[in-house]
Amino acid sequence: MARVAAGGVGASGEGVLILALETSCDETAAAVVDGGRVLSSIVSSQAELHERYGGVVPEIASRRHLELVAPVVREALEVADMPLDRVERVAVTQGPGLVGALLVGISAAKALAWARQLPFVPVDHLDGHVASLYLEPDPLEPPFLCLLASGGHTLLLAVRERGRSERIGTTLDDAAGEAFDKGARLLGLGYPGGAEIDRLAREGDREALSFPVARVPGLDFSFSGLKTALLYAVRDLGADEVETRKADLAASYQHAIVRALVQRLHQGAEQTGLERLAVVGGVAANSALRAALPDARFAPLALCTDNAAMIASAARFSPALDCPDYLALDAYASVS
Ligand code: KG4
Ligand code: ZN
C-alpha cells in the first residue's frame, strides 16, 4: 500500500523520536511519538467550518490547514515537552486525500525536516490507520484481519506483518463512514454524521425498520443501496413521522451498516484463517460496532478518527528518505 520512493535510510524508525503531521482531509494534526509512546497528539478539527456545506470543501480545507499547521506543530512539541532539536525524523501523510490539503502538511514537514537536515518519512494514510494499533500501552502484533472503515475507505486487510497488508475486500461504492454521513444528512443531523447517528441510535429501536445488507460477491462491500433505502423510507414516512421516529431510523440504519461490516469480517476470517480481528478508522468509534465485536481489537477512541500519532506510528515501519532526497516529493489523491 505504501508509495515510497526507492532508496533512503531504511525502516528502522522503531526507537526514534518522530514528529508527524497529518492534513489529508479536514483535520490539522501533529504528534510526537517516541518508540511507540505517544508524547502528544494534537488534532484541530475543521468540522464546524464545513458543516454548513454538508461536507468538506477542499479549497476551504487547504486554506485552514495553512493557518493551523504551524500552531498545531508548536503545540504538539510543547505538550510533548520536546524542543525541535530533539526530533530525529519528520513524518507526514503523502496520500490518499485532498491534494491541496495534503500539500500543506507535506510542505510544512519538508521545511521542518530540511531546516534540521532530518530524514523524512512519507506515510500512506491507510497504513497510518492500521498503525494506530501499534502504539503503546498495548500494541497489537500481526497477524490479524483488519477492517479499516473511515469516511473515505472501507477495506478488509490481511495484515501479516507491520507495514505490510494485503487488501482482500473493498467498497464498490460508498465508504461506511460516507454511508453514515449521507444517512445523517437525510435525517437532518449535523456533519460529520457518524457520531450523531451513533448518539441518536442509542435512544431508538434497531429492529423498528428493516434495511437491507447488500449482497455483493467476494469480500467487497456496498452501501449505496442502503442509503437509497433510507431515502425512500424518509420520503414514505413524511416529515412529521420522520421527526418522531428519528431515533428508530438512526438505530435501524446503523444496524444495517454494522451487520454488513461484521458479516464481512467473519467471512474474511474464515477465508484467510486469521482469527484475530481488528477495526480501525473513524467508524471504529461506533459504539454499536464495538458492541457487536466484543472480541475484536479496536483502535483507541482518540485514534479512530484522523490524527498524526497513527502517522508517526506507521513511520516507524516505513523507509525514511535522506535529506534532501524528499524535497521533490508529491502528494497523491487516491489509493493505488
Ligand atoms: O478516519 P476518519 O477520521 O477520516 C477518513 O480518513 O475518512 O473517518 C471519518 C468518518 C466520518 O465519515 C464519520 O462520520 C465517521 O468516521 N465516524 C463515525 C463515528 N465517528 C466518526 N461513524 C460511526 N460512528 C461513530 N461514532
Ligand atoms: Zn482517515
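Note that these values count all heavy atoms, side chains included, but never hydrogens, waters or copies made by symmetry. Every number for a ligand or one of its atoms is a count from 1 in the order of the listing.
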Decide yes or no on side chain to side chain contact (heavy atoms under 4.5 Å, CB included) for Phe144 and Val130, but give the supporting numbers first. CA-CA 11 Å; Phe144 55 88; Val130 177; 4.2 Å; yes
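- Of all protein heavy atoms, the one closest to atom 24 (N) of ligand 1 is Asn286 ND2, 3.0 Å.
- In this structure, Cys25 falls outside the shell of residues with a heavy atom less than 4.0 angstrom from ligand 1.
- Considering backbone and side-chain atoms together, Glu27 places no N or O closer than 3.5 Å to any N or O of ligand 1.
- The ligand atoms of ligand 1 that sit less than 4.0 angstrom from a heavy atom of His129 are 1 (O), 6 (O).
- Considering only non-hydrogen protein atoms, atom 7 (O) of ligand 1 sits nearest to Gly151 N, 2.8 Å.
- Atoms of ligand 1 found under 4.0 Å from any heavy atom of His125, numbered from 1 in the order shown, are 6 (O).
- Centred on the Zn ion (ligand 2), the angle running from His129 (NE2) to His125 (NE2) is recorded as 100°, rounding to 10°.
- Within Asp306, OD1 is the N, O or S atom that lies nearest to the Zn ion (ligand 2).
- A donor-acceptor pair is defined here as one N or O able to donate and one able to accept, closer than 3.5 Å; no such pair exists between the side chain of Asp248 and the backbone of Gly204.
- Between His153 and Pro96 there is a side-chain heavy-atom pair separated by less than 4.5 Å.
- Where the criterion is an N or O separation shorter than 3.5 Å, residue side chain and backbone included, Phe180 fails it with respect to ligand 1.
- In this structure, the side chain of Asn307 engages the main chain of Thr305 through a donor-acceptor pair within 3.5 Å.
- Between Asp198 and ligand 1, at least one pair of N/O atoms sits closer than 3.5 Å.
- Side-chain N or O atoms of Ser313 include one that pairs as donor or acceptor with a backbone N or O of Ala131 at under 3.5 Å.
- In summary, no N, O or S atom of Cys25 is located under 2.8 Å from the Zn ion (ligand 2).
- Checking Ser224 against Asp174 by side-chain atom types alone, no donor-acceptor pair falls below 3.5 Å.
- Looking at Thr244, its side chain does come within 3.5 Å of a backbone N or O of Glu241 through a donor-acceptor pair.
- Applying the 4.0 Å criterion to heavy atoms of Thr305 picks out, from ligand 1, the atoms 3 (O), 21 (C).
- Not a single N, O or S atom of His153, from either the backbone or the side chain, sits less than 2.8 Å from the Zn ion (ligand 2).
- A donor-acceptor pair under 3.5 Å is absent between the side-chain atoms of Ser132 and the main chain of Gly128, judged by distance alone.
- At least one N or O atom of Gly152 sits closer than 3.5 Å to an N or O atom of ligand 1.
- Closest to atom 22 (N) of ligand 1, if we only count protein heavy atoms, is Gly194 CA, 3.3 Å.
- Every atom of ligand 1 with a heavy atom of Asp181 under 4.0 Å away is listed here by number and element: 11 (C), 12 (O), 13 (C), 14 (O).
- Relative ring orientation between Phe221 and Phe223 is described as parallel, the plane-to-plane angle staying below 30° on a 0-90° scale split at 30° and 60°.
- The protein heavy-atom contact nearest to atom 15 (C) of ligand 1 is Gly282 C, 4.0 Å.
- Short contacts between ligand 1 and Gly177, defined as distances under 4.0 Å to a heavy atom of the residue, involve ligand atoms 12 (O).
- Among protein heavy atoms, atom 3 (O) of ligand 1 sits closest to Asp306 N, 2.9 Å.
- Between Tyr326 and Phe120, the ring planes are parallel. Angles under 30° get that label, and only those over 60° would be called perpendicular.
- For Glu22 and Ser24, the side-chain atoms include at least one donor-acceptor pair closer than 3.5 Å.
- Atom CZ of Arg202 sits in a crowded spot, with more than 12 heavy atoms from other residues, nucleotides or ligands closer than 6.0 Å.
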